[in-house]
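Values below: all heavy atoms of this structure, side chains included; hydrogens, waters and symmetry mates excluded.
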2 protein chains.
Amino acid sequence: MLEILKNRGTVRNYSEKEVDETLLNNLLEASFQASTTGNMQLYSVVVTRDQAGKERLSPLHFNQPQIINAPVVLTFCADFNRFSLWCEQRNAVPGYANFQSFMTAAIDAIIVAQTFCVAAESKGLGICYMGTTTYTAAGIIDALNLPKLVVPVTTLTVGYPKVPPAHSDRLPLGSVIHYEKYQDYTPEAIDIAFSYKESLEESKRYMEINKKETLAQIFTDIRYTKANNETFSTAFMEVLKKQGFLS
Amino acid sequence: MLEILKNRGTVRNYSEKEVDETLLNNLLEASFQASTTGNMQLYSVVVTRDQAGKERLSPLHFNQPQIINAPVVLTFCADFNRFSLWCEQRNAVPGYANFQSFMTAAIDAIIVAQTFCVAAESKGLGICYMGTTTYTAAGIIDALNLPKLVVPVTTLTVGYPKVPPAHSDRLPLGSVIHYEKYQDYTPEAIDIAFSYKESLEESKRYMEINKKETLAQIFTDIRYTKANNETFSTAFMEVLKKQGFLS
């Protein structure tokens with residue numbers, strides 16, 4: 001099991017092979033057994049297999065090809081709608097139209113998404129997370145008809161890998177773990193954390209192609225810019241308001 | 001693998017057996033190979049083993065006994081501090097002091113936490129999530145010395161189970177999965193979703209003990225009340241401001 005976890009990698013390119021419905025349900029069922037706050041299961045999963053559905057979602061994921069290419073797209077939503085409807089139907093007054101309840105449901109949804117990934121990978125499937133989900137949540141809400149108290153928090157593309165996934169580098173263990181208290185990073189500790197990543201040929205190639213003097217500038221100036229992050233922050237706050245999680 | 005996922009359950013009561021340091025690092029290393037946004041690894045894990053550390057954390061988790069009882073407590077934090085320090089040290093201007101960046105890092109942290117759970121359970125360990133983490137994040141930040149751009153999002157207690165974990169009920173698969181579009185729940189669909197849970201002897205016992213006429217009232221009136229959720233919402237928003245993720 002640990003070997004599967006350690007040798008995994010993201011898969012963006014899928015073979016023609018379909019993902020059998022029984023297998024998909026089996027994987028989802030296994031992932032729904034993961035921990036969930038107060039056993040409330042504050043999530044819903046929207047399964048997209050139809051071409052039309054994928055085409056609606058594709059621009060919302062910035063036309064990254066894996067949405068169209070994957071046989072299955074799963075949108076994981078924080079969902080306090082179902083639970084609140086139950087409360088109302090049982091003479092109980094739900095109090096979940098607030099930010100803490102959104103966080104609770106979002107955590108539930110991510111726990112399920114990641115359990116699904118592990119389950120899927122153990123069966124030879126490959127997955128890719130779409131971080132774009134929280135950037136364009138308003139559009140996804142429209143595309144999937146999500147009611148109030150439902151917010152998409154992540155999306156997975158799922159299918160059989162066309163080629164085996166590449167293993168990708170990680171920070172040294174000691175740069176991520178703290179004992180008893182958080183030890184803030186000295187300049188030397190930062191060098192130790194990032195030097196391997198910076199030494200990779202791939203990193204050097206990105207710097208050359210993009211004419212950047214450091215790898216960090218690729219992130220700040222191109223991939224995850226302040227301007228984009230601020231725009232997406234405002235948009236996501238608006239979504240939380242519109243869906244009823246923020247007053 | 002699917003059988004392990006399907007038959008798991010939360011473990012709140014741990015045996016005396018220690019969790020070996022090599023095993024713990026091995027499990028963490030495996031979980032750090034999970035997907036992470038742009039391979040930025042926007043998380044840190046604080047390991048608490050010392051009695052004094054557990055005693056500091058215990059009231060922040062409402063004195064639930066598993067904090068003191070477990071050999072290991074892991075606090076998973078959304079962390080944009082390490083990455084931002086690297087950017088600054090490499091002549092790049094980080095733009096991560098915003099809400100979207102918090103969401104990104106929180107998702108990264110939860111993905112790692114859940115991968116750790118699966119890894120741990122595959123080795124015979126048991127875990128319990130502490131949902132209290134986002135309720136009392138301000139206190140946890142003080143207890144663990146978390147700097148700006150670091151916010152605790154969940155906590156796991158980890159150890160060998162004293163007794164095998166009980167399997168707990170889940171909603172019917174069809175009540176959680178939607179095909180192509182979200183189908184909002186009719187009153188009948190709500191009955192179908194919750195009737196099994198309501199029929200359990202355990203549910204009936206809770207209602208009797210708490211003198212409530214429906215199971216839903218246990219949640220709204222006792223376990224997850226509107227007043228608490230609103231108090232914790234305000235507190236968590238304050239934490240996001242104080243840690244630099246909200247202006």
Side-chain contact test, heavy atoms from C-beta onward, threshold under 4.5 Å: evaluate it for A:Phe32 versus B:Ile177 and give yes or no. yes
Is it the backbone or the side chain of B:Leu240 that comes under 4.5 Å from a heavy atom of chain A, or both, or neither? side chain
Is it the side chain or the backbone of A:Tyr185 that comes within 4.5 Å of chain B heavy atoms, both, or neither? both
Side chain, backbone, both or neither: which part of B:Lys123 has a non-hydrogen atom closer than 4.5 Å to chain A? side chain
Does any backbone or side-chain atom of A:Val93 lie under 4.5 Å from a heavy atom of chain B? Answer side chain, backbone, both or neither. backbone
Report the C-alpha separation of A:Arg223 and B:Met40 in whole Å, then their side-chain angles, then the decisive distance to 0.1 Å, and conclude whether the side chain to side chain contact (heavy atoms under 4.5 Å, CB included) test is met. CA-CA 11 Å; A:Arg223 296 188 64 190; B:Met40 293 186 281; over 6 Å; no
Treating B:Arg49 as the side-chain partner and A:Tyr179 as the backbone partner, does any N or O pair qualify as donor plus acceptor under 3.5 Å? no
Donor + acceptor pair across side chains of B:Asn26, A:Lys6 (<3.5 Å): yes
Look at the aromatic rings of A:Trp86 and B:Phe219 and report parallel, tilted or perpendicular, splitting at 30° and 60°. perpendicular
Under a 4.5 Å cutoff for heavy-atom pairs, which residue among B:Cys117, B:Ala34, B:Cys87 has the most contacts with chain A? B:Ala34
Under 4.5 Å from any heavy atom of chain B, what part of A:Leu74 do you find: side chain, backbone, both or neither? neither
Yes or no on side chain to side chain contact (heavy atoms under 4.5 Å, CB included) for B:Arg170 and A:Gln33, after CA distance, side-chain angles and deciding distance? CA-CA 7 Å; B:Arg170 289 295 187 264; A:Gln33 205 60 44; 3.5 Å; yes
For B:Lys212, is it the side chain, the backbone, both or neither that has a heavy atom under 4.5 Å from a heavy atom of chain A? neither
Do the non-hydrogen side-chain atoms of B:Asp79 and A:Val176 ever get within less than 4.5 Å of each other? no
Minimum heavy-atom separation for A:Asn145 and B:Tyr182, please, with both atom names. O-CB, 3.6 Å
Side chain, backbone, both or neither: which part of A:Ala143 has an atom under 4.5 Å from a heavy atom of chain B? backbone
Answer whether the closest heavy-atom distance between the side chains of A:Ser122 and B:Leu5 falls below 4.5 Å. no
With side chain to side chain contact (heavy atoms under 4.5 Å, CB included) as the test, would you mind laying out the steps for B:Phe232 and A:Thr104 before giving the verdict? CA-CA 11 Å; B:Phe232 298 145; A:Thr104 301; over 6 Å; no
Counting only non-hydrogen atoms closer than 4.5 Å, does A:Glu198 touch chain B with its backbone (N, CA, C, O), its side chain (CB onward), both, or neither? side chain
So which heavy atom on A:Met237 is nearest to which on B:Leu246, and how close? CE-CD2, 3.3 Å
Chain B heavy atoms under 4.5 Å from A:Ser35: which part of the residue, side chain, backbone, both or neither? both
A:Thr48/B:His178 under side chain to side chain contact (heavy atoms under 4.5 Å, CB included): CA gap, chis, key distance, verdict: CA-CA 9 Å; A:Thr48 305; B:His178 302 256; over 6 Å; no
Okay, A:Lys54 and chain B: the region with an atom under 4.5 Å from a heavy atom over there is neither
Which atoms of B:Val150 come close to chain A, meaning under 4.5 Å heavy atom to heavy atom: side chain ones, backbone ones, both, or neither? side chain
Under 4.5 Å heavy-atom distance to chain A, tell me which part of B:Thr37 shows up: side chain, backbone, both or neither. both
Interatomic distance, A:Asp184 atom CG to B:Leu85 atom CG [nearest 0.5 angstrom]: 6.0 Å
Assert top hit (heavy-atom pairs under 4.5 Å, partner chain A, pool B:Gly9, B:Ala235, B:Gly53, B:Pro147) equals B:Pro147
Given a strict heavy-atom distance threshold of 4.5 Å, which part of A:Ile4 is in contact with chain B: side chain, backbone, both, or neither? neither
Taking the side chain from B:Asn229 and the backbone from A:Ser101, do they hold a donor-acceptor pair closer than 3.5 Å? no
Nearest non-hydrogen partners of B:Ala92 and A:Thr220, listed with the distance: CB-OG1, 3.4 Å
Can a side-chain donor-acceptor contact be found between A:Gln100 and B:Asn228 if the only test is distance below 3.5 angstrom? no
Could you report the tightest heavy-atom contact between B:Gln89 and A:Pro187, atom names first, then the distance? NE2-O, 2.9 Å
Without swapping roles, check the side chain of A:Asn39 against the backbone of B:Asp169 for a donor-acceptor pair under 3.5 Å. yes
Under 3.5 Å, is there a donor-acceptor pair between the side chain of A:Thr214 and the main chain of B:Arg90? yes
So which atom in B:Arg82 and which in A:Ile190 form the shortest heavy-atom distance, rounded to 0.1 Å? O-CD1, 3.5 Å
Rounded to the nearest 0.5 Å, what separates atom CE in A:Met103 from atom OG1 in B:Thr134? 6.0 Å
Cut-off 4.5 Å, heavy atoms of chain B, and the answer for A:Glu213 is side chain
